[in-house]
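See below for the structure under consideration.
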Amino acid sequence: MADILTKRADDHAQWYNDLVLKADMAEHSAVRGCMVIKPHGYAIWEKMQRALDGMFKETGHVNAYFPLFIPKSYLAKEASHVEGFAKECAVVTHYRLKSDPVHGVVVDPEAKLEEELIVRPTSETIIWNTYRGWIKSYRDLPLLINQWANVVRWEMRTRLFLRTAEFLWQEGHTAHATRQEAIEETERMLEVYRRFAEEWLAMPVIKGVKTASERFAGAEETYCIEAMMQDGKALQAGTSHFLGQNFAKAFDVLFTNKENKQEHVWATSWGVSTRLMGALIMTHSDDNGLVLPPKLAPVQVVIVPIAKNAEQLGAISAFVAPMIAAMRAKGITVKFDDDDTKKPGWKFAEHELKGVPVRIAVGPRDMENSTVEVARRDTLEKQVMQTTDLAEKVDHLLANIQDNLYQKALAMRERYTRAVDTYEEFKAAIEQGGFILAHWDGTAETEERIKDETRATIRCIPLDGDVSPGACMVTGRPSNRRVLFARAY
RNA sequence: CGGGGUGUAGCGCAGCCCGGUUAGCGCACCUGGUUUGGGACCAGGGGGUCGUGUGUUCGAAUCACACCACCCCGACCA
C-alpha cells in the first residue's frame with residue numbers, strides 16, 4: 001500500500017496534520033488560523049451535534065441564538081472574565097469600507113463605531129445582559145438554554161480542529177434559584193459529556209475539577225472531562241462551569257424568591273467544540289487513516305463491487321440490492337460505491353483513509369457462492385460471510401466495532417496511567433507520556449513549579465477513584481488525594 | 001511573541017549555490033485503447049503573472065534589499 005500518511009511513530013503531529021488533510025476533513029483557509037471544514041469533516045460534526053442536541057433536550061434544555069457581536073464594555077463587567085479573554089479578542093471598529101484608487105477598498109474613517117464591538121470569544125456577557133430582562137421571579141427559574149454557535153479567540157498558535165481562531169461549539173447557559181441546584185446542573189451536564197464521549201466517540205474520559213489556576217475566567221468551579229490521546233498526551237474534551245453568582249452580580253440579574261426577597265441567580269455554563277473532532281482522530285486513527293466509531297461515521301458500510309464490465313456491475317448491483325435494503329431498514333447508512341472510474345484497490349485505500357467502519361467487497365466469486373467479503377476498519381480483519389441474514393451480522397459487527405474501539409482506548413489509558421510517590425519518579429514518568437496520579441499539596445506555587453520543571457499540568461482533581469490521603473511528592477505537605485497530571489494539548 | 005521552514009500547474013516537488021533557448025518531473029485532469037479480488041498500464045494532450053515590490057544586469061525562478069502569506073516547534077489557551 002502506498003504510504004500517503006506520515007507514520008504515527010515517526011512524527012505524531014505531522015501524522016495528525018496529514019490525516020486531517022488527506023482524509024478530506026478540513027483544510028487551511030486564506031485566513032490565518034481559520035480552517036475550512038470540508039463535507040466529510042462536517043458530516044461527522046453534524047452527527048456529534050445531533051446526538052448532543054438530543055441529550056441536551058432530554059435534560060430539559062432548549063436552543064436559542066445570541067449575537068456574534070458583543071459591546072466592548074460588557075466584557076469588562078466581570079473582572080476575571082475580562083482578564084481571561086481580553087488578550088485574544090477580535091474587535092470591530094468600523095462598519096463601512098469605501099473604494100480607493102490604490103488599495104481597492106479601505107476602511108472608511110468616517111464610519112467609526114461609537115462603541116467598538118468584540119467578536120464573541122464566549123457568550124456569557126451578552127447572554128447575562130439579556131437574562132436580566134427575562135428573569136424576575138423564582139417562577140422564571142431554572143432557565144435552561146443552549147446555543148450552537150461559532151466563537152473567535154485570537155490564538156497565537158493554531159492547529160486544525162484542536163485550536164483554531166474560529167471554532168464551532170455549543171454553549172449552555174443556565175440560571176438557577178439556588179447554589180445547590182446550579183451545582184447539580186453543572187455536574188449533570190458533565191455527566192452528559194462523559195456519556196457522549198464514551199458512548200459516541202468511544203473515548204474514555206476522566207471526570208474531575210480543575211485547579212484554581214486552570215479554572216474558566218469567571219467561574220467558581222470548572223469541571224472537565226480529560227481524555228488520553230494515542231501519543232500519551234491529555235486533551236480536555238469538555239468543560240462545565242459553576243459560575244456562582246459572578247455574572248448575575250456583574251449584570252444585575254435578580255429574582256424575587258418565595259419570601260418576596262431579591263436574590264442574585266446562580267449560573268452555569270458548559271461547552272464542547274469542534275476540538276472533539278481532533279480528540280476523535282487522535283483516539284482511534286492509525287497509519288492507514290481515520291478510524292471512526294460506527295455511531296459517528298457518516299457512512300457506516302461501503303460496498304465495493306468488483307466487476308470486469310458493465311454487465312457484471314449490473315449483476316452485482318442486483319445481487320446486493322436486497323442486502324442494502326435490509327441494512328437500511330435497520331438504520332445502517334450504506335454506500336454502494338459503483339463508481340466505474342476507480343479500481344477496487346483504490347477504493348479500499350480511500351475508504352480506509354476516510355474511516356468507513358465496514359467494507360463489503362462483492363465480486364463474481366461471491367455471487368456464485370452467495371457470499372461477501374467483509375472487512376472491519378478497526379482491526380483491518382477480513383472474513384467471507386454467507387449472505388444469509390447479512391444485515392443482522394453487519395449490525396452486530398458495527399456494535400462490536402463501537403465497543404472494541406472503546407475497550408482498546410480504555411486499555412491504552414490504563415496501560416499508560418500510573419501512580420507515583422516521589423518527584424524523581426514523577427519526572428522520569430512524565431517523559432514516558434501518559435497520565436500520572438500523584439499527591440499534591442494543593443498550592444498554586446507547587447503546581448506552577450511542577451509545570452515549569454516538567455511541562456506537566458494538573459489536568460484535574462478526579463471526582464472518582466483513589467481518595468486516600470498522602471504527602472505531596474514535591475513538598476511533603478499533606479494531600480487529600482491523588483490528582484491527575486499529564487502533558488496536554 | 002520568540003525559533004525554524006516554505007512559497008514554482010489542482011496537489012507534491014526539482015531547478016536557485018554557479019543568471020543565458022520554449023521552466024521540468026510525479027500524481028491528478030482530458031482523449032483513445034487494454035484492464036479491474038489491495039491505490040492498473042500504454043499512447044497522445046491541456047494546464048505556469050515562478051508569493052509581492054524595488055533594485056542589479058544586455059538578460060532574473062535564479063543575485064540583493066524590503067515586504068507579505070502560510071506551515072511547523074515553544075510560551076498562552078477549548
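For the numbers below, each heavy atom of this structure counts, side chains included, while hydrogens, waters and symmetry mates do not. Chain letters run A, B, ... following the sequence lines, proteins first, then strands; residues in each count from 1.
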Contacts of A/Trp270 that satisfy ring pair (Phe, Tyr, Trp, His ring centres under 6.0 Å) - sequence neighbours left out = A/Phe56, A/His61
Distance, P atom - from B/C67 to B/C76, rounded to whole angstrom | 29 Å
Ring pair (Phe, Tyr, Trp, His ring centres under 6.0 Å) partners for A/His28, two or more places apart = none
For A/Trp169, enumerate each residue passing the ring pair (Phe, Tyr, Trp, His ring centres under 6.0 Å) test, keeping only those at least two apart in sequence or located in another chain.
-> A/Phe167
Contacting residues from residues 449-462 of chain A, given that a heavy atom lies under 4.0 angstrom of RNA chain B | A/Lys451, A/Arg455
Sorted by chain and residue number, the side chain to side chain donor-acceptor pair (under 3.5 Å) partners of A/Tyr131 (sequence neighbours excluded) come out as none
With no angle test and no hydrogens, is the base of B/G38 tied to the side chain of A/Lys382 by a donor-acceptor pair under 3.5 Å?
-> yes
What residue pairs, at least two apart or across chains, pass ring-ring contact (aromatic ring centres under 6.0 Å, His included) with a residue in residues 219-244 of chain A?
-> A/Phe216-A/His241
Should stems be defined as at least three consecutive Watson-Crick or G-U pairs with both distances under 3.5 angstrom, which of them involve RNA chain B?
-> B:1-7 with B:68-74, B:10-13 with B:24-27, B:29-34 with B:40-45, B:51-55 with B:63-67
Enumerate donor-acceptor pairs with a distance under 3.5 Å from any side-chain N or O in residues 40-49 of chain A to protein atoms, sequence neighbours excluded.
{"unit_1": "A/His40", "atom_1": "ND1", "unit_2": "A/Ala23", "atom_2": "O", "d": "3.3"}
{"unit_1": "A/His40", "atom_1": "NE2", "unit_2": "A/Lys354", "atom_2": "O", "d": "3.3"}
{"unit_1": "A/Lys47", "atom_1": "NZ", "unit_2": "A/Ala297", "atom_2": "O", "d": "3.2"}

Any ring-ring contact (aromatic ring centres under 6.0 Å, His included) pairs touching residues 276-316 of chain A, not counting sequence neighbours?
-> none
Pairing residues for A/Asn129 by the side chain to side chain contact (heavy atoms under 4.5 Å, CB included) criterion, not counting sequence neighbours = A/Tyr74, A/Arg132, A/Phe251
Please list residues of residues 66-87 of chain A whose heavy atoms come under 4.0 Å from any atom in RNA chain B, ordered by number; otherwise none.
-> A/Lys87
Between N or O atoms, less than 3.5 Å apart, protein on one side and nucleotides 4-8 of chain B on the other: list the pairs.
none

